[in-house]
Trainee: 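This structure is in structure tokens; I'll ask about it shortly.
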Amino acid sequence: MINNKLNSTFFQRDVLEVAPGLIGKKLVRIINGIRSDWIITEVEAYRGEEDLACHASKGRTKRTEVMYHAGGELYIYLIYGMYWMMNIVTGDINDPQAVLIRGVQHISGPGKVSRALKIDSSFNGESVVNSERIWLEKGIRAPEIHCATRIGIDYAGDYWRNVEWRFFM
DNA sequence: TCAATGATTTTG
DNA sequence: AAAATCATTGAT
């Protein structure tokens with residue numbers, strides 16, 4: 001066996017395939033030379049300019065630029081002045097999609113995920129395929145995956161507010 | 001129920 | 001230039 005890393009083929013699919021596929025996957029982060037593994041337990045999908053909950057619904061801006069890249073890069077941004085959100089860009093180039101990492105094993109909340117993983121803006125645009133400090137690997141097993149509505153996006157209108165694009169185990 | 005807290009986006 | 005908007009959390 002070579003390694004268990006997920007490659008760009010995995011990420012360059014539609015976000016609604018990648019997001020549930022990430023549940024149970026292992027997120028690996030090197031901090032001060034020490035490796036730590038995290039099982040992804042909850043994610044949300046954000047897809048396209050038509051998704052009013054997706055930042056790309058405002059169009060292509062300096063902030064959303066990364067979402068227009070081909071899948072396999074991180075999209076990092078600050079929310080409420082205190083929490084870094086970590087997303088993984090998916091899909092093809094010029095198709096803005098991303099998966100929010102909402103929970104990992106024994107940690108809850110997407111703000112605390114990035115805090116625990118020591119994620120900051122220097123990771124914006126970072127490749128999760130080539131990076132020496134963060135990547136994804138095949139996980140433990142194929143757990144049962146549940147769906148529900150996304151959190152914290154009540155502004156997005158009746159339709160987008162209610163699509164069940166949050167996936168968890 | 002709401003304050004904290006700052007980058008991004010809009011003129012709400 | 002100023003105001004509003006947040007993929008949140010935790011403490012009142």
Side-chain angles (χ1 to χ4, degrees), chain A residues 6 10-27 29 36 38-92 94-128 131 134-136 145-169:
Chain A
L6 304 183
F10 179 88
F11 298 105
Q12 288 168 13
R13 295 179 294 145
D14 189 89
V15 69
L16 293 182
E17 296 181 29
V18 177
L22 281 172
I23 300 298
K25 291 292 189 296
K26 193 185 291 180
L27 178 58
R29 170 86 165 98
S36 55
W38 307 77
I39 297 298
I40 296 174
T41 58
E42 186 173 5
V43 300
E44 283 178 0
Y46 290 88
R47 184 174 74 164
E49 296 181 345
E50 70 274 16
D51 177 358
L52 295 181
C54 180
H55 291 165
S57 64
K58 300 284 171 60
R60 195 169 190 144
T61 67
K62 193 164 189 177
R63 180 173 67 154
T64 61
E65 172 64 28
V66 181
M67 294 184 82
Y68 287 80
H69 293 185
E73 292 184 7
L74 295 178
Y75 167 42
I76 308 290
Y77 69 94
L78 189 68
I79 192 64
Y80 301 122
M82 35 170 71
Y83 295 112
W84 293 104
M85 299 287 106
M86 176 168 59
N87 303 247
I88 299 175
V89 176
T90 64
D92 294 326
N94 291 330
D95 187 357
Q97 314 181 330
V99 179
L100 171 68
I101 306 301
R102 171 161 273 289
V104 296
Q105 193 168 44
H106 292 140
I107 310 279
S108 61
K112 300 191 104 178
V113 169
S114 295
R115 178 177 289 171
L117 287 169
K118 294 186 167 34
I119 296 294
D120 58 29
S121 60
S122 76
F123 284 82
N124 197 32
E126 177 109 353
S127 169
V128 290
S131 175
I134 186 168
W135 66 87
L136 289 93
I145 297 173
H146 300 89
C147 305
T149 56
R150 297 173 290 183
I151 292 173
I153 49 127
D154 286 345
Y155 59 85
D158 285 342
Y159 179 76
W160 297 108
R161 184 171 57 232
N162 292 316
V163 291
E164 297 197 331
W165 284 2
R166 180 160 56 96
F167 306 97
F168 56 98
M169 55 197 244

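Below, chain A is the first sequence line, B the second, and so on; all start at residue 1.
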Trainee: Please give, in whole Å, the distance from C:dA7 P to A:Met67 CE?
Mentor: 11 Å

Trainee: Given atom CH2 of A:Trp84 and atom P of C:dC6, what is their separation to the nearest angstrom?
Mentor: 18 Å

Trainee: If we only count heavy atoms from C-beta on, is the A:Ile134 to A:Met86 side-chain gap below 4.5 Å?
Mentor: yes

Trainee: With C1' as the reference atom in both, quote the distance from C:dG10 to B:dA7 in angstrom, rounded to an integer.
Mentor: 22 Å

Trainee: Between B:dT8 and B:dA4, how far is it from one P atom to the other, in whole Å?
Mentor: 23 Å

Trainee: Need one value for A:Ser121: base, sugar-phosphate or nothing, where a base atom within 4.0 Å counts as base even if backbone is also close, heavy atoms only.
Mentor: nothing

Trainee: Would you say whether A:Tyr80 stacks on B:dG6? The test is a distance between ring centres of less than 5.5 Å and an angle between planes of less than 30°.
Mentor: no

Trainee: Could you tell me the separation between the CZ atom of A:Arg63 and the P atom of B:dA7, rounded to a whole number of Å?
Mentor: 12 Å

Trainee: Taking C:dT9 as the reference, what is the distance to B:dT9 when you measure between their P atoms (whole Å, please)?
Mentor: 22 Å

Trainee: If you count heavy atoms of other groups shown closer than 6.0 angstrom to OH of A:Tyr159, is the number above 12?
Mentor: no

Trainee: According to a cutoff of under 5.5 Å between the ring centres and under 30° between the ring planes, does A:Tyr83 stack with the base of C:dT8?
Mentor: no

Trainee: Looking at C:dA7, B:dT9, B:dG6, which one has an atom nearest to any side-chain atom of A:Leu78?
Mentor: B:dG6

Trainee: Got a sec? Which of residues 145-164 of chain A come in under 4.0 Å of DNA chain B, heavy atoms?
Mentor: none

Trainee: To the nearest 0.5 Å, what is the distance between OH on A:Tyr155 and CG on A:Leu52?
Mentor: 8.5 Å

Trainee: Quick check on the 6.0 Å ring-centre criterion: do A:His55 and A:Tyr77 meet it?
Mentor: yes

Trainee: Whether A:Arg166 and A:Glu44 form a salt bridge (side-chain N of Lys/Arg under 4.0 Å from carboxylate O of Asp/Glu) is what I want to check.
Mentor: yes

Trainee: If the glycosidic angle is within 90 degrees of 0 it's syn, otherwise anti, so just tell me which one C:dA7 is.
Mentor: syn

Trainee: Answer yes or no on whether A:Arg102 is positioned over the face of A:Phe168, meaning its NZ or CZ is under 6.0 Å from the six-membered ring centre and within 45° of the axis.
Mentor: no

Trainee: Let me know the distance between CE of A:Met85 and P of C:dT8, rounded to the nearest Å.
Mentor: 6 Å

Trainee: Does A:Asp120 pair with A:Arg115 as a salt bridge, N-O distance under 4.0 Å?
Mentor: no

Trainee: May I ask you to establish whether A:Arg13 and A:Phe11 are in a cation-pi arrangement, using a distance under 6.0 Å from NZ or CZ to the six-membered ring centre and at most 45° from the ring axis?
Mentor: no

Trainee: Does any part of the side chain of A:Gln12, heavy atoms only, come nearer than 4.5 Å to the side chain of A:Asp95, both counted from C-beta?
Mentor: no

Trainee: Between A:Glu65 (CD) and B:dT9 (P), how many Å, whole number?
Mentor: 11 Å

Trainee: How long is the line joining CE of A:Met82 and C1' of B:dC2, in whole Å?
Mentor: 12 Å

Trainee: For A:Tyr77 and B:dT5, what is the distance between atoms OH and C1' respectively, to the nearest whole Å?
Mentor: 15 Å

Trainee: At under 4.0 Å, does any side-chain N or O of A:Arg102 touch on OP1 or OP2 of C:dT8?
Mentor: yes

Trainee: Which residues, if any, of residues 49-59 of chain A bring a heavy atom under 4.0 Å of DNA chain B?
Mentor: A:Lys58

Trainee: Given side-chain contact (heavy atoms from CB on, under 4.5 Å), test A:Leu136 with A:Lys26 step by step and report yes or no.
Mentor: CA-CA 6 Å; A:Leu136 289 93; A:Lys26 193 185 291 180; over 6 Å; no

Trainee: What is the pairing partner of C:dA7, taking Watson-Crick or G-U wobble pairs with both distances under 3.5 Å in any strand?
Mentor: none

Trainee: Which nucleotide, C:dT8, C:dA7, B:dT9, lies nearest any side-chain atom of A:Ala98?
Mentor: C:dA7

Trainee: Output the rounded distance in Å from CD (A:Glu42) to C1' (C:dT9).
Mentor: 15 Å

